[in-house]
Structures are given as structure tokens and as C-alpha cells.
Amino acid sequence: MELAIFLIFAVLAVLSAVVVIAHRNPVFSVLSLVVTLFSLAVLFVLAGSPLLAALQVLVYTGAILVLFLFVIMLLNVGREAASPGHVVQKWVAIAGSVLLAAAVVLLYVSTHIAAHAVPLSKQFVDLVPLARELFTTDLLPFEIVGLLLLAAVVAATVLARRPSPEEESEESR
Amino acid sequence: MTVPVSWYLILSALLFALGTIGALTRRNGITIFLSIELMLNSVNLSLVAFARTAATRYGHLQLAAAYHGKLIVFFVLAVAAAEAAVGLALFIAIYRNRRTIDVNRMNLMRW
């Protein structure tokens, strides 16, 4: 059963990831990335992290991808025109990525990392020890992430804001 | 029957490679960004899988290692959110000046 669920959602994730990188219309890319992230959320549950699955759906599909859609609509990005050149660059990139994936898969296969996982323990799935770890051992990184998000909010506001008329005249001088 | 952890890792490697292909071959800035999000997520999948390995291999005593695997995913999510916000704001600023987000036409700093 678990195996069937894994296979279904793994195939779904890979297929929709292909659509993400292959479709010329960015709106379709965003929507199929939603499918990929939902399938990954299902796999997170299978691997014993229901909290991360919930966060994945909330933060990624609920916030980040909606932001992408907003910006695409705002900028009125059309379909990408058919590629005029750089064919060599494209094929080198594809070959390099395929080699990378092959090398990593080979590494995993040859080192026998955890051939079979034992069934999940309740303690591993449980939320309380995770939260305790986050707010004791990892408190400093947690606070730093808070600062980082604050900096990102300020930066995004400054960058995306339309410059006021005085500033614009100063820039053109 | 449980799924072998290495299957998660292989799936994650495949998704990562797809993400690199997208990031290197596309010219639309937003699609490049989406490919990078895909790469971040594939790494998250392997972190979750490794967390499970740690939990199964060390038993109760070293569950902390497994929790850290999950917490890194948590931090990656937060950093990805920050990165997306700043990056999209950059694209808005660039679009305002140059009327395009085709990365081949952003060549002011090219040699």
C-alpha cells in the first residue's frame, strides 16, 4: 500500500516537474509546480513528517506560489518566444544535469544507504520533541531566520516600490 | 511494505536534475526561479528521507539527529520564502526599467 502511494506520487512529481521546466507559458509552470509540491507533501507524510507536509502546502503553495502568480499577472509575462540560438549551451546544460543525476544515483546505489526503513515509531512522528529541539538547541538559528525574514520584508518593499517623483528626477540628473 | 529510503533519495536526485535543466536552459526569469524552487524542494525531500534513516538506524537515543534533519527543512522553507519575496521584487524593479524579464536581454554587466 505504502509502496503504491509512493510510486503514484513519485511519478506525478516527476511528470509535473517536467511540465514546469518545459512549458512556455509561466502560468502553467506555476500550476504544475503546485502539483509537484503537493505530491512531495504526500511523500513527506509517508516519510514520517506530517508537520513538514502541512508547512509545505501552507508556505509553498499557499504563499510563495501565489506570490509568483501575482507577479506573473502583474508583469504580464507572455509566452517565451521560440529559442533563437544557444542550442549548444542548452544541450551542454541538459547533458551536465543528466550526468549529475546519474552520478548521485550511482552513489546512492553503491553505498547501500538504509536499504529498508523499519516502520515509523510514534516518537519520530510526534510534534512535541521536535518543537522542544527547535526552541532549545536550535533557538539561535530560529531567531536568525526571524531576522532574515524581517530583512527580506524590508528589501522587497524597497525594491518593488515605485520611486517617488523627487527621487526619479534625481536619478535622471 | 515500507518504501526503501534510497528510493526517496533517487527521486530527489531526479527532481534536482530537472531543476538544474530548467534553471540553465530557460530564459524567462520567472521560470528560472521556479526551477530553483524545484531544486530546493528536492533537497528537502532528501533531508526528510535522511532524517528517517537516522531515526531508524540509531533508535531512541539519537532521535535528535532525526529531528535536526526535519528542522533544517523548516529553515530551508523560511529561507526560500525570503528568497522568493526578494527575487520577485527584483524582477518587478528590472521590469520597470527594461520592460522585459528575459535574462538574455539583461546584459548591462556583461563583458
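Just so we're clear, the structure is a prediction, and the values are computed from it rather than from any experiment.
The 12-atom threshold is not exceeded at CZ of A:Arg132, counting heavy atoms of other residues, nucleotides or ligands nearer than 6.0 Å.
Contact of the B:Leu34 side chain with the A:Leu65 side chain is registered, since non-hydrogen atoms from C-beta on lie closer than 4.5 Å. In this structure, the side chains of B:Leu11 and A:Leu43 come closer than 4.5 Å at one or more pairs of heavy atoms.
Partner B:Leu38 forms a side-chain contact (heavy atoms from CB on, under 4.5 Å) with one of A:Leu40, A:Thr36, A:Leu37 and no other, that one being A:Thr36.
Applying the ring-ring contact (aromatic ring centres under 6.0 Å, His included) test to pairs two or more places apart or on separate chains, none has a residue in residues 68-90 of chain B.
Residues A:Ala93 and B:Thr25 come closest through the heavy atom pair CB-CG2, 3.9 Å.
Remark: the backbone N or O of B:Arg26 is not paired with any side-chain donor or acceptor of A:Lys90 at under 3.5 angstrom.
The choice from A:Ala156, A:Gly146, A:Ala151 that makes the most heavy-atom pairs within less than 4.5 Å of chain B is A:Ala156. Interface check for chain B: of the options A:Leu134, A:Val105, A:Val14, the most heavy-atom pairs under 4.5 Å are formed by A:Leu134. Counting heavy-atom pairs closer than 4.5 Å to chain B, the top-ranked of the candidates A:Val145, A:Leu130, A:Val92 is A:Leu130. Note: A:Leu55 leads A:Leu55, A:Leu74, A:Val153 in heavy-atom pairs under 4.5 Å with chain B.
Inspection of the A:Gln56 and B:Asn41 side chains reveals an N or O donor paired with an N or O acceptor under 3.5 Å.
Every residue meeting the side-chain contact (heavy atoms from CB on, under 4.5 Å) condition with A:Val19, not counting sequence neighbours, appears here in chain and number order: A:His23, A:Ser32.
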